[in-house]
Amino acid sequence: MSLIRATPFHARTSAANRLNAWTNRNGWTLAAHYGDPAAEALAARLTAIVADISWRWRVMIEGVRTEEFLSRLLTRDPARLEPGQAFKALWLTDRGGVRGAGAIARLSPDAFRLVATESDLDWIARGAALFDVRVREIGEEEGGLAIIGPYARNIAEAAGLDATLEALNFRTVSWRGLDVTLSRFGEHGGYELWCKADDALLVWNRIAKAAEPFAFGLAGTDAMDVLDLEAGVPRPGRDYQAARKGFAAQPTPAELGLLSLIDNDHLCFNGRAAFLLAARRRTLIGVEFKDETPAPHAALTHGCRRVGETMNSLYSPALHRAIALATADVSVSARGTLLMLPQGAQARVVSLPFLPIPDSITK
Amino acid sequence: MRYDAAIIGAGTNGLAAAATLARAGLNAVVLERAAFCGGRAVTREFHPGFRASPFVDELAPIPAEIMRDLDLARHGAIFAPSTSSLAIWPDRRNEVLRWTGCAAFNGVLAAAQKRAREVLAKASSDAAVVPARRWFSPAPMPSPWPGEDCRCFLSAGLLEDAGGDEDTRAHLLATALSGRSADPFTPGSALYLHLLARQSGGMPMGGLATLSGALEAVARSAGAEILFGLEVADIALRGDRAVALHLADGTEIEARAIISTLDQRRTFFSLFAWRDLPQTVERRVSRFRYAAGQARLLLALDAPPECDADFARGPIHIAPDIERFAQAHDAWHNGIVPEHLPLTLRLVSAVDPGLAPAGKAVLTATIGCIPHRRFDGAWTNEKRVALREQTVRQIDTVLPGVSKSILGSALILPPDIEQQLGITEGDLDGGEIAPDQMFAERGFAEHPGGRTPIRGLYLGGMSSPAGPLGTCAAGVAAARAVIADLSIRRFL
Amino acid sequence: MSERKDAIVIGGGVGGLVAATYLARAGRSVLLLEAETSVGGACRASSSIAGIRSGFAGSALYALDPRIVTDLDLRELKFAVRDMLSVALREDGRHLVLGRDAQPAFRAIAPQSSQDAQSYRKLREEIFALAHAMRPFWWEAANTPALHDAAQAQLLPRLAVTSAASYLSVLESDALRSMLAFDAGKPLESGSALALVWRAAQEMCGLQGAVATIQSGPVALIKVLTNAVRKAGVDIRTRARVERMRLDGNSVTGVVLDTGEEIAGRSVLSGLTRRATLLNLAPTASAGFAETQKLMRAAPRAGEALVLFLLNAIPDFGGANIPQTARFVIADRLDDFAEATTAVRDGILPDNLLLEVTVPTAADPALAPSGQHVVSVRVTRLPLAPKQGWPALTGKLFEKVVTALERHTPHLREGLLAIDARMPVEEEPESGTRLMTAYAERINTPIEGLFLCGASAEPMNAISGRAGRLAAGIANAFLARKKGP
């Protein structure tokens with residue numbers, strides 16, 4: 001077995017990756033950046049970027065009792081999804097710890113597809129077995145490209161795709177002879193285009209050609225991380241350690257600021273009782289620093305009291321300063337509160353997201 | 001109506017000053033002659049469907065502290081990073097040159113950026129210190145400015161010392177001198193290399209108007225008042241203190257401090273009665289030189305010119321040559337349009353596709369060494385057409401076919417800049433970059449931080465030390481001086 | 001759909017009956033559903049042998065909750081033997097007879113091994129002292145054990161992970177060791193040492209650590225409980241087998257019978273094991289994914305069978321000197337427990353069976369027709385689902401049991417009139433962890449409004465009724481809370 005798990009777009013990304021800056025995500029080899037991660041992150045806000053997202057963990061969940069299973073698994077009720085729609089939801093442990101978060105899309109009455117940033121096959125497959133539901137991981141056979149930025153829609157249209165898609169919807173279309181799925185699940189607006197591995201290079205060429213007049217840039221994982229952080233989205237594995245034991249009570253949805261992904265009227269999801277009982281002393285806050293040095297996983301103090309910890313922290317080229325997501329006491333979550341880092345540097349609480357999602361320009 | 005501070009001019013400096021003052025809890029008002037804000041930071045439709053920023057493509061970078069303090073990014077001021085520039089010679093068309101990546105010149109650039117940062121930091125910290133009253137102690141020796149030693153160097157010489165081949169040196173010089181008139185063989189011209197740093201301000205999407213929109217939003221949300229269509233006629237003095245503004249319609253606006261973002265000559269000679277000015281000030285201001293030399297040609301193209309898209313995003317210098325810079329400067333000095341125009345092209349629609357309709361393009365040409373007053377009289381229409389023809393011809397030598405795809409154009413000359421922006425002679429730098437006009441001497445050496453011999457009046461425009469090096473920097477420095485002085489006055 | 005009940009009790013075992021009575025006395029409307037033709041659960045007298053009234057339940061009781069006796073006014077319950085002797089039957093005839101009292105016990109051990117007499121004294125003191133401290137925790141809804149001193153605070157967690165076999169390794173006589181090991185249930189498993197303490201903590205008829213039998217057999221217990229239940233006003237339905245539970249979100253709303261009939265209830269108390277309740281009755285995975293998988297992994301493999309013999313004369317276990325009212329333990333060596341465990345894993349009958357024998361008719365002749373006697377045998381550590389299946393193995397099991405008994409009471413075979421057996425059923429696995437959890441934790445389930453009230457909610461599998469009493473309290477509090485705003 002090769003040590004490199006290459007995505008279907010590897011031939012193109014490796015040609016563009018002149019500095020050979022590679023990184024590993026979920027076992028996939030991906031370009032960390034294509035020269036200047038700051039410029040890539042800015043391009044997503046100003047024009048458009050194209051990023052390889054084949055590393056995302058994707059599973060097909062199929063079977064007569066799929067809806068029943070997913071209703072038990074997820075913090076929102078999949079029964080309200082029509083085929084062609086999707087939503088974002090969490091799945092929790094028995095004690096209400098966050099195990100994962102992802103977008104679940106309904107393909108047909110009995111088939112769903114889950115896209116997440118971190119694999120949790122064990123939990124989902126074992127749970128599915130109780131309901132006689134089949135779970136199939138999708139790997140090398142499919143590639144995905146994200147098109148993000150104000151001109152994302154123009155690019156999709158220029159490429160001949162029907163871009164009239166609401167957020168959190170998807171559509172499988174025949175695109176000049178290629179079967180592709182166009183979806184809008186991303187936190188940063190824009191589109192995701194999923195295709196068979198054999199068609200990947202052709203799809204890349206078409207998108208690159210269509211994107212040319214829109215001053216697009218390729219974006220590696222570094223830039224995507226900056227965008228995620230600016231959007232205030234904590235990601236398992238990078239920002240927090242998702243629960244991996246079935247009875248873990250940490251991390252709670254409240255301290256990760258993920259309460260919006262839990263429907264109050266969805267009564268029967270796994271871990272709900274514990275979720276309702278859990279104390280909500282902590283919450284997710286965004287902090288920005290005075291200077292440009294990030295401070296990941298650092299203690300935050302207020303007065304002499306330790307009130308929280310930063311999670312991931314990066315330099316945001318758009319804001320010209322380092323920013324971080326943090327879990328902290330509810331008492332210090334008010335906007336404008338000044339917190340201290342261990343070295344005496346100051347961090348100011350700001351409202352999330354740090355920056356709004358890149359607006360779409362429709363002309 | 002009495003304000004804590006009144007600011008003349010709603011350009012980037014004026015708006016940043018208003019935002020800084022308002023955030024400090026002061027009651028600030030901005031008076032703008034035009035019906036819109038931004039000054040040079042505007043974007044206009046110069047041909048139906050085609051837009052461009054008429055005066056400059058990019059501004060000097062906004063210092064990061066100001067970006068952060070004013071929270072400009074959240075109000076929409078996000079800049080596309082500058083792409084490295086390109087030099088093309090028509091006789092060797094295939095030869096393109098990037099000087100980034102050449103180690104010797106990276107050092108020059110880094111040094112320039114470092115110096116610019118230090119100058120801005122000093123201007124800002126000078127402002128925050130209230131000067132001691134002179135009758136208690138002798139005036140302290142002014143502390144030296146970073147980069148003052150450049151005063152005696154030639155820019156050409158300095159680059160020669162750095163190494164590299166002649167083309168690369170010419171390219172670097174073109175970057176520093178783009179749109180200016182300077183002789184690289186004059187002592188002190190090395191100061192222009194300070195300006196290298198300002199080439200990397202970046203373009204916001206939608207043109208520079210986006211930046212002024214963001215600044216206006218910041219100032220207004222902080223509580224500053226911005227009034228349009230009000231021209232300040234003069235500044236009323238009480239003793240040696242400026243106490244109020246008189247508008248053209250006769251209204252009086254009282255203010256404890258006045259920040260003028262106009263250049264020195266406009267500030268002192270148009271807002272004060274001649275006899276009110278102390279003689280020293282009058283002499284100083286009348287000796288201050290202006291060296292306008294920039295013209296701009298905006299072209300609406302039917303199709304983007306054939307060239308590598310990756311290359312097309314940065315500035316393109318046409319045939320830079322150190323000798324020719326000197327010749328062009330001589331011509332400018334004598335009021336003649338140079339034979340070989342120092343030309344920098346920018347395909348702005350390749351960076352910001354929204355400036356042109358789909359499939360079309362906007363090309364801007366920044367022309368240096370264009371005299372404000374020609375030896376043969378005013379700029380007539382024929383002379384304008386001739387300059388336009390000459391420029392297009394020169395563009396055609398490197399980007400063939402551009403002349404055939406022109407749908408429309410606009411030419412902006414120094415007199416146009418003077419008339420539209422109210423800048424003396426149309427000098428966008430607010431005064432010549434010369435040894436006796438930089439650092440402390442750009443303002444009033446004995447009154448640091450934008451302060452002037454007239455108490456209560458502050459200079460926050462391009463004619464102050466921070467002006468040419470950083471956008472908003474001079475305005476914010478003046479605002480800091482006002483905040484410091486007013487808090488001391490309250491204390492006394 | 002019939003009218004909604006406050007509580008539905010599934011299973012009419014001792015726990016179910018006690019819970020139903022307490023709830024009804026608290027003013028709740030209660031419906032008790034029993035799958036069989038009559039209530040009684042493990043104590044039901046359903047032997048096919050005509051004329052005998054002794055049920056299948058091990059006739060000896062060592063855990064009946066005294067508070068239930070007073071609370072439910074069960075004073076008509078009479079105890080035939082209050083303080084049963086325990087006899088380890090040895091092939092060599094050197095039987096070991098242990099009473100509840102300490103001094104006679106030491107004297108009985110001395111002939112086996114003088115050193116053991118000393119060791120046992122120390123061991124017994126330790127066990128009884130800890131047992132005393134643990135009583136509130138094992139008897140009531142206390143959340144943590146209230147220990148007397150630091151030594152106990154050290155001992156308790158140690159015992160919770162120690163096997164009885166290794167705890168007893170200070171003893172040298174096989175007789176004493178294997179008898180104590182038998183009482184520990186699964187003496188080779190970690191935590192089984194604590195089972196000895198639990199045993200010592202029980203109280204029968206006011207005597208700590210005693211074992212007793214009920215006059216007229218366990219059926220009598222069921223009879224008085226049934227009376228109490230009826231008096232309290234509980235509806236009882238027999239032949240009503242619950243097929244599944246109905247849930248709204250995570251809250252129980254009722255049950256569905258195998259006939260399809262739906263019965264609404266605001267709470268459900270199940271006398272079945274946790275596993276059977278959550279895996280078979282509740283909707284798939286409603287207990288939680290991790291909990292469900294844990295329950296599936298923890299499928300028990302061993303159980304105990306009960307065999308009844310009807311004899312035409314009284315047996316003479318252990319010879320004439322030993323009263324037949326004692327309980328006899330046949331477990332030769334500790335190794336037999338290991339062998340039994342292997343056999344269970346392989347799904348076969350172990351070579352040496354581990355038996356507990358009582359002769360109910362010795363104390364209460366009325367249990368059998370005049371002159372005839374009943375021998376009740378508990379065969380522990382048998383595979384729940386042997387490879388050959390129980391129908392094929394039953395004959396072999398009888399043969400083995402009879403052979404084992406004949407070693408101690410010859411000619412048993414000749415006086416044998418009838419034989420009957422109840423094959424192993426699934427029981428809640430016993431463990432040190434289970435002994436260390438509080439009642440509330442065992443009674444509550446991940447499903448709101450569903451409580452366990454049977455033997456599976458006890459610290460050990462035993463007929464005690466405490467789980468029923470405490471579950472009724474918890475359910476009552478739940479109902480009160482739910483009714484509120």
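These numbers come from a predicted model, not from an experiment.
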(request) May I ask you to say whether Arg434(C) pairs ionically with Glu428(C), meaning some side-chain N is under 4.0 Å from a carboxylate O? (result) no
(message) Strictly below 4.0 Å, N to O, side chains only: are Arg25(A) and Asp225(A) in salt-bridge contact?
(response) yes
(request) Please state whether the rings of Phe131(A) and Phe69(A) are parallel, tilted or perpendicular, taking 30° and 60° as the class boundaries. (result) tilted
(request) State plainly whether the residues Glu118(A) and Arg235(A) are in salt-bridge range, i.e. N to O under 4.0 Å. (result) no
(request) Sort Glu291(C) into side chain, backbone, both or neither according to what part of it lies under 4.5 angstrom from a heavy atom of chain A. (result) both
(request) Measure distances from Leu92(A) to the heavy atoms of chain C and classify the residue's part below 4.5 Å as side chain, backbone, both or neither. (result) neither
(request) Name the option with the most non-hydrogen atom pairs under 4.5 Å to chain C; the candidates are Gly246(A), Cys268(A), Ala129(A). (result) Cys268(A)
(request) State plainly whether the residues Glu448(C) and Arg272(A) are in salt-bridge range, i.e. N to O under 4.0 Å. (result) no
(message) Which atoms of Arg65(A) are under 4.5 Å from chain C, going by heavy atoms: the side chain, the backbone, both sets, or neither?
(response) side chain
(message) Shorter than 4.5 Å, heavy atoms on both sides: which option in Pro283(C), Ser286(C), Ser251(C), Ala287(C) has the most such pairs with chain A?
(response) Ser286(C)
(message) If you compare all heavy atoms of Ala472(C) against all heavy atoms of Leu269(C), which two are closest, and at what distance to 0.1 Å?
(response) N-CD2, 4.2 Å
(message) If we define contacts as heavy-atom pairs under 4.5 Å, which of Gly288(C), Pro446(C), Ala290(C) has the most with chain A?
(response) Ala290(C)
(message) So for Arg72(A), is it side chain, backbone, both, or neither that comes closer than 4.5 Å to the heavy atoms of chain C?
(response) both
